[in-house]
Participant: 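Here it is: the structure, laid out below.
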Protein chains: 2
Amino acid sequence: MQTSEAHETRPTLAQVARAAGVSEITASRALRGGARVARDTLERVQEAARRLNYVPNRLAGALAGGQSRQVAVVLPSLSNSVFADVLKGLETRLEQAGHHLILGVSNYDPQREERLIAELLTWRPAGLVLAPANSTELTRQRLATADLPVAEIMDIDRPAIDLSVGLSHRGAGRAMAHYLLGRGYRRLAYLGHDITTDPRAVARRQGFEDGLAEAGVALEAALLMPGPSSVTLGSQGTARLLGGCPPGGLAVYCSNDDVAVGAFFHALSQGLSVPGDLALAGFNGLAIGQALPQPLTTIESRRERIGEHAAAGLLARMRGETVQPVDDVGFRLITGATA
Amino acid sequence: MQTSEAHETRPTLAQVARAAGVSEITASRALRGGARVARDTLERVQEAARRLNYVPNRLAGALAGGQSRQVAVVLPSLSNSVFADVLKGLETRLEQAGHHLILGVSNYDPQREERLIAELLTWRPAGLVLAPANSTELTRQRLATADLPVAEIMDIDRPAIDLSVGLSHRGAGRAMAHYLLGRGYRRLAYLGHDITTDPRAVARRQGFEDGLAEAGVALEAALLMPGPSSVTLGSQGTARLLGGCPPGGLAVYCSNDDVAVGAFFHALSQGLSVPGDLALAGFNGLAIGQALPQPLTTIESRRERIGEHAAAGLLARMRGETVQPVDDVGFRLITGATA
DNA sequence: GCAAATCATGACAGCGCTGTCAACAGTTTT
DNA sequence: AAAACTGTTGACAGCGCTGTCATGATTTGC
């Protein structure tokens, strides 16, 4: 706790101020934009800071000023490139506004998510971004009283605590149903991954079935594979699905692009023609799907934009502006060659 | 700056202490593990904290204690799943040790990387993780004096500032050369992406050529495509490469799995047999490569382990232990069906 | 039974910065 | 010429917590 005068110590604002011959507070103002500081004083201070190699201590700044310029982000996973994209969008916008990201990954575990939120809150972030795996009631309560802007991202189908940025997965499912029906498919199946962790996938399937129902069509088959979505899961699932449900004009709506790509690979290795024998549709619009020999029919989910919008919403809230609670970034159906 | 006694204010340690009938410092000790605190006092304090819904303020804690329990991470990209994997490993280990991650993404831009490091350092992190795009001399200097543990990750081929965690990309390239030669391939080509941003890819290619040279073999062709690696780039690059360099026993070493998968797709759409007409090898061991109808021959890069080891190394350094400066996590050649 | 060691607790100061309010010079307004 | 600004600066206190050292209460050793 001693303030050694050895020059090893990182220079503090006080030292910069002394070097520039001004008071601490003037130095502080000069280094933060320079409002209400004479031009030459400003330059003198900046000069001194540069010379001493001054690195401000934002911990102290945040503590004194009561606002931290850090934004906490809790995501369920990073393996899924979807969240990496969102994170990218968030980082870009926030960094640009002088904020920094504290990251937590919940692994789709509500317990862990809850703990992470609580821990990240100890840093007194200026905002919070959540892609809820399955928000606990406790968490919702805590956040409601925590008095900081919260953006819940990915889907807008559920009621949000504060801000909600994403798209209607239900709507996306319906859109795909309409598209496939419009292309003349009447034999429809669903292939999904473990949905207990992925409420968005559930919503899409629901929307898909709704869309079919509107035309009086029912799913011919639905197969849920255990485990998180993956290409391998898609291949294996397709194999199983086709066991009880022969190809030949069958269209399979997959829970996402990874699964659909797997399905495509299975078709390939079995010599099934796509979409003749087996039509395929996914969700997300991942690059890999579009790079297949036949581009995948899917729905683009604009992940990076979700991140950017969430960041923008939080920043606006921090500035005290009122923001519309629901931000629908929409989606776009990509008419590929697989359905 | 006023301490309103309105109960809106977040409870502070002082309030918890008062509620528990102890001094602030005792409360502090009780809430941090409880060393040197009587058992019943400890329980009383924890009780009070729970009742008041106390959330510690780590900004204050870090400022007072002189150590922040945040670790700064600067990565060149998140689009590349490779870095997402590393990040995951880092997060897991650090979170487990009670540390949190502040994230910056440089987009492979050395300027931006430099600025990010400087900014993140203002949070007085306890450690720093870097996957250097191209460390500036200035940055190296600053970090050398910054007096905090720094882990440079991904490759161990270059001299590091402090800790180095990764694998020898040069070695990986050589290993693949040896493997392909061992399989009898004598017509070898290289297909890569824009290497100005990716020194690791350069090292692999170098190693590959070294490996060939040891057997007196030279590359028949090398094609560098502009832009970051992607599946599409792989397909297009392969098309171009095969223009001047006909298939038929040709083995193409791709700069990474994304490119190799693209190459595979190209072969598929052209009806080329793999590996008969065209053999393919990549790098990373991504799931997508292994899920292809024919699993990709590649080298597994253990990204998550790199993250975990980097975290462990930093944590050890924070505890004051001495750590070996270079941590080689190794790699593993995956004998797929494409070469 | 008394010195020495151990345990539990607290007073105090300080981490490095910023908000608030006041002061003072130089300008403009009336 | 007085009043009212405007622009620039600083003194002061305090953000919420922890390290250090000191204190009294207990236990231990011989």
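Here is the naming used below: chain letters follow the sequence lines, and residue numbers restart at 1 for every chain. This structure is a prediction, so every number in the text was calculated from the model and none was measured.
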Participant: Looking at B:E95 and A:R115, is there a salt bridge between them, counting it only when a charged N and a carboxylate O are closer than 4.0 Å?
Facilitator: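 Yes, A:R115 and B:E95 are salt-bridged.
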Participant: Passes side-chain contact (heavy atoms from CB on, under 4.5 Å), B:N57 versus B:T12? Steps please.
Facilitator: CA-CA 8 Å; B:N57 184 335; B:T12 67; over 6 Å; no
Participant: Within the structure, does a side-chain N or O atom of A:T41 lie under 4.0 Å from either OP1 or OP2 of D:dT9?
Facilitator: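 True: A:T41 side-chain N/O within range (under 4.0 Å) of D:dT9 OP1/OP2.
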Participant: Can we say B:R317 and B:E321 salt-bridge, meaning some charged N sits less than 4.0 Å from an Asp/Glu carboxylate O?
Facilitator: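 Between B:E321 and B:R317 there is no salt bridge, as every charged N stays at least 4.0 Å from the carboxylate O atoms.
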Participant: What integer distance in Å separates B:L42:CG from C:dC7:C1'?
Facilitator: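 One finds 14 Å between C1' of C:dC7 and CG of B:L42, rounded.
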Participant: Restricting both atoms to N or O, compile the protein contacts to nucleotides 21-24 of chain D shorter than 3.5 Å, with distance only.
Facilitator:
none

Participant: How close or far is atom C1' of D:dG7 from atom CG of A:D40, stated in whole angstroms?
Facilitator: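 One finds 13 Å between C1' of D:dG7 and CG of A:D40, rounded.
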Participant: Think A:R36 has a side-chain N or O under 4.0 angstrom from the OP1 or OP2 of D:dG10?
Facilitator: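 The answer is no; no side-chain N or O of A:R36 sits under 4.0 Å from OP1 or OP2.
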Participant: Are OP1 or OP2 of D:dT18 and a side-chain N or O of B:S28 less than 4.0 angstrom apart?
Facilitator: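 It does, given that an N or O in the side chain of B:S28 lies less than 4.0 Å from OP1 or OP2 of D:dT18.
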Participant: Look at atom CD of A:E47 and say whether more than 12 heavy atoms of other residues, nucleotides or ligands are closer to it than 6.0 Å.
Facilitator: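 Yes, the 6.0 Å shell around CD holds more than 12 heavy atoms from other groups.
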Participant: For B:W123 and C:dG16, give me the distance from atom CH2 to atom P, rounded to whole Å.
Facilitator: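 The answer, rounded to whole Å, is 16 Å.
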Participant: Select one nucleotide: of C:dA11, D:dA11, C:dC17, the one nearest the side-chain heavy atoms of A:N57.
Facilitator: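 It is C:dC17.
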Participant: Expressed as a whole number of angstroms, how long is the span from A:R32:CZ to C:dG16:C1'?
Facilitator: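 The answer, rounded to whole Å, is 12 Å.
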Participant: Between A:H99 and A:Q70, is any side-chain donor less than 3.5 angstrom from a side-chain acceptor?
Facilitator: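 There is no such pair between these side chains.
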Participant: Does the side chain of A:Y54 get closer than 4.0 angstrom to OP1 or OP2 of C:dC17 through an N or O atom?
Facilitator: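 Yes, within the criterion.
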Participant: Between C:dA8, D:dT9, D:dG14, which one does the side chain of A:A64 approach most closely?
Facilitator: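 So the side chain of A:A64 is nearest to D:dG14.
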Participant: Identify, between B:A27 and A:A14, the residue whose nearest nucleotide on DNA chain C lies closer to the 5' end.
Facilitator: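 Mapping each residue to its closest nucleotide by heavy atoms, the 5'-most match is B:A27.
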Participant: For D:dG16, does either OP1 or OP2 sit under 4.0 Å from a side-chain N or O belonging to B:T12?
Facilitator: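 For D:dG16, neither OP1 nor OP2 has a side-chain N or O of B:T12 closer than 4.0 Å.
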Participant: So, does A:R69 get its side chain near the phosphate of C:dT18, meaning an N or O under 4.0 Å from OP1 or OP2?
Facilitator: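 For C:dT18, neither OP1 nor OP2 has a side-chain N or O of A:R69 closer than 4.0 Å.
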Participant: Mind calculating the distance between CG (B:L63) and C1' (D:dG19) to the nearest angstrom?
Facilitator: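 The answer, rounded to whole Å, is 13 Å.
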Participant: Taking CZ from A:R124 and P from C:dC17, how many angstroms apart are they, rounded to a whole number?
Facilitator: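 To the nearest whole Å, that distance equals 21 Å.
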Participant: If we check side chain to side chain contact (heavy atoms under 4.5 Å, CB included) with B:V71, which of these qualifies: B:R93, B:M318, B:E91?
Facilitator: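 When side chain to side chain contact (heavy atoms under 4.5 Å, CB included) is applied between B:V71 and each of B:R93, B:M318, B:E91, only B:M318 qualifies.
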Participant: Look at the side chain of B:A60 and decide which nucleotide, out of C:dG10, D:dC17, C:dT9, has an atom nearest to it.
Facilitator: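 Closest nucleotide among those given: D:dC17.
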Participant: How close or far is atom P of D:dC15 from atom CD of B:E24, stated in whole angstroms?
Facilitator: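 Rounding to the nearest Å, CD of B:E24 and P of D:dC15 are 10 Å apart.
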Participant: Over how many whole Å does the gap from B:I25 atom CD1 to D:dG19 atom C1' extend?
Facilitator: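 One finds 7 Å between C1' of D:dG19 and CD1 of B:I25, rounded.
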Participant: Hey, does the side chain of B:T26 come within less than 4.0 Å of C:dG10's phosphate (OP1/OP2), counting only N and O?
Facilitator: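 Result: yes.
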Participant: Can you tell which of D:dC17, D:dG10, C:dT18 lies closest to the side chain of B:L13?
Facilitator: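 So the side chain of B:L13 is nearest to D:dC17.
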Participant: Tell me every residue that passes salt bridge (charged side-chain N to carboxylate O under 4.0 Å, His left out) with A:D327, counting only those two or more places apart in sequence or in another chain.
Facilitator: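 Partners of A:D327 by the salt bridge (charged side-chain N to carboxylate O under 4.0 Å, His left out) criterion come out as none, since no residue qualifies.
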Participant: Of all residues at least two apart in sequence or in a different chain, which pass the salt bridge (charged side-chain N to carboxylate O under 4.0 Å, His left out) check with B:R302?
Facilitator: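 B:E300.
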